[in-house]
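A quick write-up on the structure given underneath.
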Amino acid sequence: MGLIHIDAHADVNEHMFGEPIAHGTPFRRAQEEGLLAHGKVVQIGLRGTGYAAEDFDWCRDQGFRVVPAEECWYRSLAPLMQEVREQMGDIPVYISFDIDGLDPSVAPGTGTVEMGADL
Ligand SMILES: [Mn+2]
């Protein structure tokens with residue numbers, strides 16, 4: 001299926017706290033298991049350091065479209081979402097919206113605060 005993933009973090013870590021299954025690893029596991037349609041994964045709002053410097057590189061290497069937070073600043077996201085809609089076509093799409101994809105000024109209760117969103 002396709003994936004639209006809105007988050008400050010890529011959630012593609014190989015391991016987290018020594019575990020293969022954790023809140024930072026789901027999309028690595030999904031990709032490994034062949035659950036994600038090639039060319040139909042979009043991650044929006046990524047920023048900060050993530051958990052490893054190469055987090056976003058791995059995503060791009062998989063063919064994921066990475067839209068970092070700074071590409072969302074001071075503009076309507078309607079054109080982006082039109083592109084995403086066209087990219088997904090008519091296949092099933094899973095939408096994952098992590099609250100920390102929003103700036104902590106509007107959602108301060110998350111445990112993994114990352115400043116710098118304008119979503
Ligand atoms: Mn997150």
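Remember, it's 1-based here, ligands and their atoms both numbered in the order they're listed. Numbering of residues begins at 1 and proceeds along the displayed sequence. The structure presented is a predicted model; accordingly, all values stated were derived computationally and were not measured. Hydrogens, waters and symmetry mates play no part in the numbers below; they use all other heavy atoms, side chains included.
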- Message: Can you confirm whether Arg60 is buried at CZ, in the sense that more than 12 heavy atoms of other residues, nucleotides or ligands lie under 6.0 Å from that atom?
- Response: yes
- His5 and Asp7 side chains, donor-acceptor separation under 3.5 Å: yes
- Message: Any donor-acceptor pair under 3.5 Å linking the side-chain atoms of His9 with those of Asp100?
- Response: yes
- Message: Less than 4.5 Å apart, side chain to side chain, heavy atoms only: is that true for Arg28 and Glu33?
- Response: no
- Item | Asp100 N/O/S atom closer than 2.8 Å to the Mn ion (ligand 1) | yes
- Restricting to N/O/S, name the atom of His9 that gets closest to the Mn ion (ligand 1). ND1
- Task: Check Asp98 and report its N/O/S atom nearest to the Mn ion (ligand 1), by atom name.
- Result: OD2
- Are Asn13 and Thr25 linked by a side-chain donor-acceptor pair shorter than 3.5 Å? no
- Query: Would one find an N, O or S atom of Glu114, in either backbone or side chain, under 2.8 Å from the Mn ion (ligand 1)?
  - Reply: no
- Query: Taking just the N, O or S atoms of Asp7, which one is nearest to the Mn ion (ligand 1)?
  - Reply: OD1
